Structures are given as C-alpha cells and as structure tokens.
Trainee: 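Dropping the structure in here first, questions after.
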Amino acid sequence: MIAQLTLIERQRAIAICIAVAVGGALIMLGGRDDVMGIHGALIFVAGMLMIFRIGMSYYAPEPSEDRLTRYYDDPSRAGIVLAMIWVVFALAVGDWVAWQLVEPNLTFGPAWSSFGRLRPVHTTGVIFGFGGNALIATSFYVVQRTSRARLPDQVTPWFVLLGYNLFCLLAVTGYLMGITQSKEYAEPEWYVDLWLVVVWVIYFVLYLRTLARRKEPHIYVSNWYYMAFILVVAILHIVNNLAVPISLTSAKSYSAFAGVQDAMTEWWYGHNAVAFFLTAGFLGMMYYYLPIRAGRPIYSYRMSIISFWGITFFYMWAGSHHLHYTALPQWVQTLGMTFSLMLLIPSWGSAGNLLLTLNGAWDKVRDDATLRFMMVAAVFYGLTTFEGSFMAIRSVNSLSHYTDWTVGHVHAGALGWVAMITFGAIYASVPWLWKREQMYSPRLVEVHFWLALSGTVIYVFSMWNSGIVQGLMWRTYNEGGTLAFSFIDTLVAMHPYYIARAVGGLFFLIGGCVGAYNVWMTILQPGAAASQAGDVPQPPPASGVLQPAE
Amino acid sequence: MSIFGFHYRMESKAIGLTIGIIVVASIGGLVEIAPLFTIHQTVEDAPDMRVYTPLELAGRNIYIREGCYACHSQMIRTLRDDVDRYGPYSLAVESKYDHPMLWGSKRTGPDLARIGEKYSDQWHVAHLNNPRDVVPVSVMPAYNWLMTTELRTSDLGLHLKAQRAVGVPYTDDMIANAAQDAFAQANPDSPLADGVTKRYGKATTMRSFDGKPSVLTEMDALVAYLQILGRLTEAAHKPVAQAEAAK
C-alpha cells in the first residue's frame with residue numbers, strides 16, 4: 001500500500017505521523033497525572049508505528065504514472081477490513097452487556113467491565129467504528145465512480161481513514177478508563193472531539209476536491225447524501241460538544257450548556273446523529289449499491305429530490321420528541337412531534353423509491369443474498385421510520401419512553417436497516433475491490449443473511465414485548481388508586497425478554513463473524529492480482545444504470 | 001421553471017448543494033434551541049436553589065464516569081404514575097447548574113431525580129457495594145471499589161473554576177477552599193466544617209457518608225451526590241404544599 005505513494009507523498013505522510021507522535025508525547029507528558037496521559041501514550045505509539053510502517057517501504061520503487069488514469073481504492077479496501085473488525089468487536093461487547101442484564105455478575109468484578117462503561121463501547125463501536133468506516137470506505141469508492149474522477153491525492157484519504165480510526169480507538173479506550181462526557185452518542189472528551197473536527201473538515205474538503213475533478217456534469221444522488229452526512233455531522237458535533245476543560249492537561253470538561261438547554265442540544269444532536277450519520281450516509285450507500293446490484297435504474301429522480309430535501313429539513317426539528325412530558329417547554333415538544341410525523345413522507349419516499357427500483361429484478365432478490373440484504377434493509381428502513389414517527393406522538397411516547405421499546409426501535413434501525421445495507425454493500429464491493437469472481441462462499445453469505453434476519457427479528461420482538469409490558473405495568477393502578485407494581489416487579493417481568501434479546505444478539509454476532517471470515521477468505525483467495533491497481537474509469541454508457549428512469 | 005428544473009441545475013454545482021444543505025439543515029435547530037436561552041419562562045425562578053458542594057460535584061463526576069445515566073433517568077415527567085412513583089415532577093430550574101444534564105433516556109433502574117434522603121447512607125453504601133445484598137433480584141453492577149478508592153480532591157478547585165466559566169455561580173472563596181470543603185463535608189467534627197456551612201448554607205448535609213470518617217473515599221462523594229438529588233431547591237414541592245394547604 002505504501003508502494004502506491006510517490007516519494008513526496010511518503011514524506012508528507014511521515015511528516016503528518018511525526019506531528020501526531022509529537023502531539024501524543026505532549027499529551028503524555030502534560031497529562032501524566034491524569035488518565036489523559038495514557039491516551040497521550042496511545043497516540044504517540046500510533047504515530048510511531050505509522051512512521052516505521054512507512055519508513056520500511058520508504059525506498060520502494062515509485063508507482064508508475066498510469067496510476068493517475070485509475071481510481072484509487074486502497075483506502076476503501078482498508079476501510080472495509082477495519083469495518084469488519086469493528087463490527088465483530090462491537091457486537092461482541094453488545095451481546096456481553098445484554099447477558100449482563102440477565103446475570104449481573106458477568107461483569108466479573110473490575111470497574112471497566114460494568115454495564116455503564118461498556119455500553120458506550122458498544123454504541124460507539126457499532127455506530128462510529130463499524131458504520132463510520134463503512135461510510136468512509138464506500139464514499140471514497142462511490143464518489144470516484146459517480147464522478148469518473150480519481151481521488152485528488154493519495155495521502156489525504158489515508159489521513160481521513162486512519163485519523164478517524166484513531167478517534168474511535170481513543171473514544172472506546174477512554175470509556176473503559178472512565179473518560180466520558182456522558183452525552184449519549186457524543187461521549188468522547190474535548191481533546192478527542194477536537195481531533196475529530198480536524199479529520200472531519202479534511203474529509204469534507206477531500207470530497208469537494210474530488211467532486212471538482214469530476215467528468216460528469218451532474219452530482220449523483222448518493223453524493224448529495226454523503227455530503228449532507230459529512231456537513232451536518234460536523235455542525236452537530238461542534239455545537240453539541242462545546243465545553244470547557246478544567247485544564248489543558250486534564251481529560252475532564254464541563255458542557256457549555258446546562259439543564260434544559262443542554263437536554264435540547266443533546267437530543268438535537270442525538271436524533272440527528274441518527275438522521276445524518278445512520279440514515280443520510282447509508283442512503284447514499286443504498287442509492288449506489290442497490291441499483292447497480294439489481295441492474296435497474298433508480299425508480300424516480302423526483303422522489304429522490306423530494307426525499308433528500310425532506311429528510312435534510314424535517315429531521316432537524318424532530319429531536320425534541322425525546323423529551324416529551326419533561327421540563328422542556330411544551331411548544332418545543334409539540335414542534336418535535338409535528339415534524340416527526342411529517343418526516344414519514346420523505347422517509348417512505350426513499351424506502352419506496354428503492355423498493356420500486358427492484359421492480360423487474362425480484363428474481364435476483366430471491367437468488368442473490370447480497371441483494372436481499374439490501375432489499376431487507378429498505379424494508380426495515382420503512383418499518384423503523386414508521387415506528388419512529390409513531391413513537392414521537394406524545395401519548396404513545398408516554399408509554400414507550402424510558403422502556404425497552406425504544407431500545408427495540410433503535411435496534412430495528414441499527415440491525416435491520418444500517419447493518420443490513422452495510423453488509424450488502426460490503427458483499428457487493430469486496431469482489432469488485434479485490435478483483436474476485438465472487439465472494440469466497442456465496443453459501444456463507446446466505447447463512448449470514450438468515451442469521452442476521454432471525455437475530456434482528458428475535459431482538460426486536462423481545463424488546464417490543466418487554467417495553468410495552470414494562471410501560472403498562474408502570475402505569476397500572478389498583479382499585480384503591482395506588483400503583484399496582486413496584487419497580488422491582490417490572491424488572492422481574494423483564495427477565496425472560498432479556499434472555500431472548502441476548503440470544504437474538506448472539507445470532508447477529510455469529511452472523512457478523514461468518515461475514516468477517518468470508519470477507520477475509522475472499523481476500524486471501526488467489527485472484528487477478530494484476531488489476532489490483534484500481535479500476536479504469538468507464539466511459540458513460542448510452543443509457544447507464546445510474547440514470548434515473550424518467 | 002419547474003422546481004425540478006431548478007434542482008437539475010443546482011445539482012451540477014457542489015457549492016450550491018453545500019450551501020443548500022447548510023441552510024436547510026440549520027433552520028430547525030435555530031428555531032427550537034436559540035429561544036430556550038432567551039425566553040425567560042423556560043427556567044423557573046427559585047431563589048433557594050444552591051450549587052453542588054465540591055464533594056457532591058465529585059460524586060456527580062463519578063456518576064458520569066461509571067455511566068449510571070445509561071440506566072437511571074433524573075427526570076420525572078408530568079404523568080400521574082411518574083409523580084406517584086417518584087415524587088413531584090421535575091422542574092427545569094432543578095438542573096440549571098447541571099453541566100451536562102443527566103436527564104437520561106432509559107429506566108433499566110428507577111428514576112433518581114428525588115432519591116435524596118429516601119434511603120439511609122448505610123443502605124446506599126451496602127447497595128453500591130453489592131446491589132444484590134439489599135435487592136436480591138437487582139441487575140445493577142457492583143461498585144465495590146468505590147469504598148476502597150480514595151477520592152482525588154487536589155484538582156477540585158479547577159473543577160469549580162471550569163464550572164464558573166460555564167455559568168455556575170461559584171465564588172472565589174468556594175474555589176480556593178474546594179479541596180478542604182470536600183474533606184470537611186464528610187468529617188462534620190473537623191474544625192473545617194464551619195467553612196462548608198458558611199459557604200454552601202446551613203442545610204448542607206454534613207456527615208461521614210461511607211461510615212469511615214478517617215479517609216475520604218469515592219463512596220463518600222457518590223453517596224453525598226445521591227443524597228442531594230432533588231433537594232437543591234424546594235421549588236418542585238411548592239405546588240404540592242400549596243394544594244395541600246388549600247385543602
């Protein structure tokens with residue numbers, strides 16, 4: 001991979017790594033009285049390892065000039081491998097904490113393994129580790145093909161990918177040591193957040209630079225979604241993480257906002273992390289991989305436009321539905337509920353557009369598990385967005401909020417929609433990227449599909465049951481007008497559902513392991529290594545599959 | 001020109017899409033968040049509202065560090081069963097010094113907004129040490145190391161200073177004495193104890209929370225925090241008291 005870099009690029013890469021290592025050393029020395037110092041050491045080691053890795057191949061022959069006529073896919077390959085590592089790790093942690101709710105002594109004692117510290121490891125690992133790497137890898141792949149332009153240089157994409165993984169690593173190791181802001185889905189502390197800002201800005205600039213080189217007059221719909229994902233996540237991340245550290249050598253900081261304003265900012269962030277990280281980015285993925293795999297054009301160009309702008313506009317209002325009946329002023333709750341309901345229109349617009357794209361290719365859905373992953377993802381996307389709008393209605397929310405119903409809803413989206421489309425995209429792109437005929441074992445793709453689907457269904461059904469049962473028990477009164485059940489009564493009632501949930505999660509985890517094995521074996525397969533250098537841009541077809549049907 | 005014709009032209013410009021996305025995505029947040037800082041009624045007035053003592057703040061940071069918020073909310077909703085189970089519904093003013101707020105989103109365990117002084121210190125210590133000793137079917141993890149881990153107090157002044165920077169009214173006096181106030185709150189017999197009541201009010205809970213006055217542990221801090229939850233102001237109890245007086 002280093003051999004692909006020119007000499008000047010190798011020098012630039014080493015310079016960046018030295019800067020990272022020096023930064024790490026400074027944090028290590030400055031924060032030596034604090035847990036932050038351990039993070040400094042980690043950054044220092046990461047920087048040094050990269051310097052050695054590049055240094056080892058420093059004198060390798062330079063790549064030939066004809067690389068510039070090809071796409072640059074090395075970072076996409078690495079991103080997919082990283083995504084598969086993160087998913088196995090993070091699903092395993094998730095299932096572990098699920099079993100902890102069945103048998104609490106499964107923490108085995110130490111501080112780092114308690115539910116409260118492992119839960120953000122799981123959420124960050126799947127959302128940012130797995131989802132983020134898959135988004136970065138596929139966005140590089142897609143933006144080049146849909147623009148028929150090569151990435152502008154070979155260092156920046158590596159900086160984005162590896163810098164982002166350093167962010168994930170710092171986040172996850174931080175939680176284990178107790179470094180957390182406690183803001184859900186934004187737990188990393190101030191210095192880790194600042195690092196992500198650097199990486200993210202460079203990511204967006206890279207995207208714009210690639211688009212500026214495009215040979216297509218129009219920007220394909222996938223790229224709208226990827227751009228919205230990068231831009232809006234930057235806005236959300238910066239505003240929600242505004243904080244004052246207690247000193248520059250301490251990991252601890254205090255949020256700039258307090259109480260009700262902090263709650264609104266957090267859920268404006270939290271809900272739109274769902275919208276722009278877990279929805280917009282993956283819709284971008286879906287708009288590329290599903291039509292290509294199905295060999296069908298997108299059903300409707302106009303539906304794409306309406307859905308895109310609808311999602312971008314409506315989602316940003318919906319966060320306050322997380323705060324129904326709280327101390328948040330009622331007018332904000334009502335706005336959140338109203339816009340959550342309207343959000344159903346663009347959401348179903350997207351889901352419908354993608355499912356209708358499959359018309360004429362349903363035989364392929366039957367035969368091809370990869371395409372079936374994508375089809376099921378679109379179905380779960382439709383179901384979950386309906387459920388989300390429904391749960392945002394204030395009276396429904398009074399029952400569902402604080403219960404496992406919310407957890408079930410989130411996992412219907414995360415497992416059924418986000419993970420399914422990602423696995424579909426990965427199974428589609430691994431043979432393309434590594435120049436193989438097909439995956440090592442199409443049968444194992446089939447096995448993975450059924451494990452993932454059954455795991456999701458078991459998980460979601462058990463959480464629906466436990467959530468609704470618990471919500472109803474909390475509000476049940478005796479004839480005398482007193483509460484019928486103590487909190488502990490409801491906890492006992494949850495027990496069987498917690499077992500079922502952990503089993504469903506285990507199915508999904510085994511599926512993930514099967515997928516990782518299959519991807520790895522595909523890479524190891526002997527293949528057409530000669531064309532590993534990258535694809536050559538194709539001339540635009542007379543009526544290409546990417547053109548809208550209208 | 002149709003709207004789709006306009007879009008057809010806009011989507012050929014990356015900068016057009018970029019600006020469009022920023023504008024369209026910013027409106028919702030601006031309308032919903034910005035007024036919360038300017039509309040006075042958003043946060044009620046409560047003249048008796050006090051700040052956390054250094055020990056309580058340290059306890060709050062342990063609560064954050066251990067991720068307690070993942071399973072416990074601190075927000076009693078305006079619903080009959082919430083109020084009957086946990087107490088008067090939460091007011092915005094009660095978390096106005098909470099940087100960040102810990103309202104939570106899930107009740108795997110019960111709400112804690114009004115847990116303060118509902119149980120004894122001994123109950124909390126035993127419960128945190130091993131929840132199943134006092135609640136046999138509990139699924140909460142055991143936090144037995146809190147009792148044996150000494151509380152770090154040397155940087156508490158920095159904590160208070162940062163809190164002041166984000167708007168919590170800590171005085172210079174409070175910042176200068178943060179570490180010794182933390183110690184004294186859990187050692188009511190110490191000569192330093194008067195300083196705590198002078199700075200934080202006579203109603204401040206002064207006792208050895210973990211039952212071991214000789215050393216200040218993380219257990220002291222966490223229990224001190226749990227015992228103040230819902231008791232920083234009486235504001236939430238006033239409507240109830242007035243209604244009962246009217247009867």
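Every chain is numbered from 1, with letters handed out A, B, ... down the list of sequences. Please read these numbers as outputs of a predicted model, since none were measured by experiment.
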Trainee: Relative to chain A, which segment of B:C68 carries a heavy atom at a distance below 4.5 Å: side chain, backbone, both, or neither?
Mentor: neither
Trainee: Check each atom of B:Y69 against the heavy atoms of chain A and say whether the ones under 4.5 Å are side chain, backbone, both or neither.
Mentor: side chain
Trainee: Could you check whether A:S398 and A:R475, counting side-chain N and O atoms only, form a donor-acceptor pair closer than 3.5 Å?
Mentor: yes
Trainee: Heavy-atom pairs under 4.5 Å with chain A - which of B:M75, B:K96, B:R80, B:M10 has more of them than the others?
Mentor: B:R80
Trainee: Of the backbone (N, CA, C, O) and the side chain (C-beta and beyond), which part of B:I39 lies under 4.5 Å from a heavy atom of chain A, both, or neither?
Mentor: side chain
Trainee: Using non-hydrogen atoms only, which part of B:I27 is less than 4.5 Å away from chain A: side chain, backbone, both, or neither?
Mentor: both
Trainee: By a 4.5 Å heavy-atom criterion (distance strictly below it), what part of B:Y8 contacts chain A: side chain, backbone, both, or neither?
Mentor: both
Trainee: Take atom OH in B:Y119; do more than 12 heavy atoms of anything else shown fall under 6.0 Å from it?
Mentor: no
Trainee: Please identify, among A:T180, A:I488, A:L483, the residue contributing the most non-hydrogen atom pairs under 4.5 Å to chain B.
Mentor: A:L483
Trainee: Test of understanding: with ring pair (Phe, Tyr, Trp, His ring centres under 6.0 Å), list the residues that count as partners of A:F115, not counting sequence neighbours.
Mentor: none
Trainee: Can you say whether B:L102 sits under 4.5 Å from chain A via the side chain, the backbone, both, or neither, judging by heavy atoms?
Mentor: side chain
Trainee: Report which part of A:H322 has an atom under 4.5 Å of a heavy atom belonging to chain B: side chain, backbone, both, or neither.
Mentor: neither
Trainee: Using non-hydrogen atoms and a 4.5 Å limit, figure out which bit of B:L30 sits close to chain A: side chain, backbone, both or neither.
Mentor: neither
Trainee: Could you tell me whether B:R65 and B:E218 make a salt bridge, using a distance below 4.0 angstrom between a side-chain N and a carboxylate O?
Mentor: yes
Trainee: Chain A heavy atoms under 4.5 Å from B:S105: which part of the residue, side chain, backbone, both or neither?
Mentor: both
Trainee: Please determine, among B:P100, B:S73, B:A92, the option with the most heavy-atom pairs under 4.5 Å with chain A.
Mentor: B:P100
Trainee: Any Lys/Arg nitrogen of B:R60 or B:D98 sitting under 4.0 Å from an Asp/Glu carboxylate oxygen of the other?
Mentor: yes
